[in-house]
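No experiment lies behind these values; they were computed from the predicted model shown. The chain is numbered in sequence order, starting from 1.
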Amino acid sequence: MMARAALLPVALLLCLALAGNADARRKAGGGFYELKNRKGDFSIKVTNQGAALVSAIVPDAKGNLADIVLGYDTVAEYASGSASFGATVGRVANRIANAQFVLDGKTYHLIPNDGNNTLHGGPRNFGKVIWTVKEHVHNGDSPYITFYYHSFDGEQGFPGDLDVYVTYQLSRPYDLSIRMNATATSKATPVNLANHVYWNLAGHGSGNVLGHKLQVHASRYTPVDGSMIPTGQVVPVSSTKYDFRKLTAVGNHMDIFRGGGGGYGINYAVDGLQSAMRKVARVQEPKSGRAFELWANQPGVQFYTAGGLVNEKGKGGKVYRQYGALCLETQAYPDAVNHPEFPSSIVRPGHVYKHDMVFRFSSQASYYDA
C-alpha cells in the first residue's frame, strides 16, 4: 500500500507534465478562435496563423445570416496560401521599391517577393507566422482576442526588434474593431501594418462585387508606375476612374481583364487629419441590404478588387474567382520609406505605432432601390 501511495505523486506529476506539453503544443501551433455577441447574430472567427480574420457572420435586411469574408477551412491553408486572406501583413504592408531603403544613413536590403520589390514585408511576413494568444474573451458585451508577435532584428531584412499586438473586438450593435500596436525596442524601423480582409457583402463565394456600391472619403490618390510603385505624386481623383467620393458601383468605370488582373489596386490619401480617427469609406450591397462604414486613423487606404483571384479554393467548397471580393486596407502610403515627401512610417525606439480601425455593419432593405 505504501509503495502504491508513493507512486501516486509520481503519476500525478507525469500527468501534469504531459498535459503541460500538450498545452505547449497547442500554443505553438495555429488554431481558430471565435467571438460572438450576446444576441448570437454577429460573430467572427480568427486564427493566430497570421493574426487573420477568418469569417464574419452578419445579418442582412431580413435577418438572414451569411459569412461575408473570404478565407480557408484549415490553418495549414492560411500558412501556405498566397492571397493573404484576412491576414495582418507587415512589418511593412504594400510595396517597397527594389526591396531596399535607406534609414539614418544605412541601406537595408530586404527579400524581394514581387518582381524586384518587397510586398507586405517579404515572403515570410507577419501573415505567415504563428502569433501568441495573449487574451481571449469569446462572448459578452464586448468579446475580444489579443494576439502578440515579437519580430526580431533583421527579420526579412528589417532593422530592430518590434513587439506587435493585434486585438479584434466586437461591440454593440454590429461593430468590429481591429487595433494594432507596435513598439520599436532597439532601432528605428519602418512600420506599416494592414489587415488584408477580402469582403463580399452578399456572402463569400457568391459572385463578383462589381455591383457593390462604394464611397471613399478621399479627394486625392497616389498614382503608380508599371511596377505598382508610387511615383511620388498625390493627385486629385476628380475626372478619373478613381473618383468614389459619391456612392458608385464598383464596376462602373473599372478596367476589366478576363482571366486575371485588371480592376483596382490603388492607394487613396484619406481626407482629414492623418492621425485622427475618421470615416474612410462606405460599402453597400444592394440586394442583401448589408453595408459597412470603415473608420480608421491612417493616412491612406488601399482599394483592391481581387483581380488576382483565379479559381482559388476557399471555405466550404466555394471557389473564389476574379473580382469576387474587395479589400479596403487602411495604411501608410506605399513605399513611404523611399519617399520623404510622404507621411513618415518610421517608428523610433521606445515609440509606439498605433493603427485603429472600426467596421460598422448595418442592413437596410431600401439599399436595393438606391
With distance as the sole criterion, is a donor-acceptor pair present between the side chains of Ser275 and Asn297 under 3.5 Å?
->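 No, Asn297 and Ser275 have no side-chain donor paired with an acceptor closer than 3.5 Å.
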For residues Gln331 and Asn94, is any side-chain donor paired with an opposing acceptor at under 3.5 Å?
->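 Distance-only check passes for Gln331 and Asn94.
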Taking the side chain as everything from C-beta on, heavy atoms only, tell me whether [X] gets closer than 4.5 Å to [Y].
X	Y	result
Arg179	His355	no
Trp295	Glu293	yes
Leu328	Leu214	yes
Leu110	Phe158	yes
Arg95	Thr118	no
Glu329	His120	yes
Phe361	Ile68	yes
Tyr108	Leu103	yes

Might you point out which heavy atoms bring [X] and [Y] nearest each other, and give the distance in Å?
X	Y	value
Val166	Ile178	CG1-CG2, 4.2 Å
Gly265	Met228	O-CE, 3.1 Å
Ser345	Ala332	CB-CB, 4.2 Å
Ala93	Leu193	CB-C, 4.5 Å
Lys36	Pro143	O-CG, 3.5 Å
Val347	Tyr353	CG2-CB, 3.8 Å

Just jot down the side-chain hydrogen bond (donor to acceptor under 3.5 Å, both in side chains) partners of Tyr198, sequence neighbours excluded, or say none.
->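 Scan of Tyr198 (side-chain hydrogen bond (donor to acceptor under 3.5 Å, both in side chains), adjacent residues dropped) gives none.
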Which residues share a side-chain hydrogen bond (donor to acceptor under 3.5 Å, both in side chains) with Arg360, sequence neighbours left out |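 With sequence neighbours excluded, Arg360 shows a side-chain hydrogen bond (donor to acceptor under 3.5 Å, both in side chains) to no residue whatsoever.
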Would you please indicate yes or no on a ring centroid separation below 6.0 angstrom for [Y] and [X]?
X	Y	value
Phe85	Tyr320	yes
Tyr264	Tyr304	no
Tyr165	Trp131	no
Tyr333	Phe342	yes

Greater than 12 external heavy atoms within 6.0 Å of [X]'s [atom1]:
X	atom1	value
His150	NE2	yes
Lys354	NZ	no
Lys45	NZ	no
Asn64	CG	yes

Looking only at atom types and distance, does a side-chain atom of [X] sit under 3.5 Å from a main-chain N or O of [Y], one as donor and one as acceptor?
X	Y	value
Asp161	Ser186	no
Gln322	Gly262	no
Asn117	Leu119	no
Asn200	Gly324	yes
Thr240	Tyr242	yes
Thr305	Gly307	no
Gln215	Arg245	yes
Asp335	Ile96	no
Asn252	Gly211	no
Lys213	Arg282	no

I need the [X] [atom1] to [Y] [atom2] distance, nearest 0.5 Å.
X	Y	atom1	atom2	value
Ile145	Lys134	CD1	NZ	12.5 Å
Leu70	His196	CG	NE2	12.0 Å
Gln298	Met180	CD	CE	9.0 Å
Gln169	Thr167	CD	OG1	7.5 Å
Glu155	Tyr149	CD	OH	3.5 Å
Ser227	Asn98	OG	CG	8.0 Å

Phe359: which of Phe292, Tyr174, Tyr168 passes ring pair (Phe, Tyr, Trp, His ring centres under 6.0 Å) |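 Going through the options one by one, the only one that passes is Phe292.
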Could you please spell out the steps behind the salt bridge (charged side-chain N to carboxylate O under 4.0 Å, His left out) verdict for Lys39 and Asp41?
-> CA-CA 6 Å; Lys39 189 176 178 182; Asp41 65 345; 3.6 Å; yes
Would [X] and [Y] show up in the same hydrophobic cluster when neighbours are defined by side-chain heavy atoms closer than 4.5 Å?
X	Y	result
Leu176	Leu326	yes
Met357	Tyr144	no
Val164	Phe152	no
Val191	Ile346	no

For side chain to side chain contact (heavy atoms under 4.5 Å, CB included), just list the numbers for Trp199 and Val69, CA-CA rounded to whole Å, side-chain angles, deciding distance to a tenth of an Å, and then say yes or no.
-> CA-CA 5 Å; Trp199 301 104; Val69 168; 3.5 Å; yes
Look at the aromatic rings of Tyr268 and Phe303 and report parallel, tilted or perpendicular, splitting at 30° and 60°.
->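 The arrangement is tilted - the two ring planes meet at 30° to 60°.
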Please determine if Asp255 and Lys241 form a salt bridge, counting it only when a charged side-chain N lies under 4.0 Å from a carboxylate O.
->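 Salt bridge: yes.
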Stepwise side chain to side chain contact (heavy atoms under 4.5 Å, CB included) test for Leu170 and Phe42 = CA-CA 8 Å; Leu170 304 186; Phe42 178 40; 3.7 Å; yes
Would you please test Arg321 and Val319 for side chain to side chain contact (heavy atoms under 4.5 Å, CB included) and show each step?
-> CA-CA 6 Å; Arg321 295 184 171 87; Val319 177; 3.9 Å; yes
Step by step, would you call Tyr221 with Asn267 a side chain to side chain contact (heavy atoms under 4.5 Å, CB included)?
-> CA-CA 6 Å; Tyr221 74 103; Asn267 172 68; over 6 Å; no
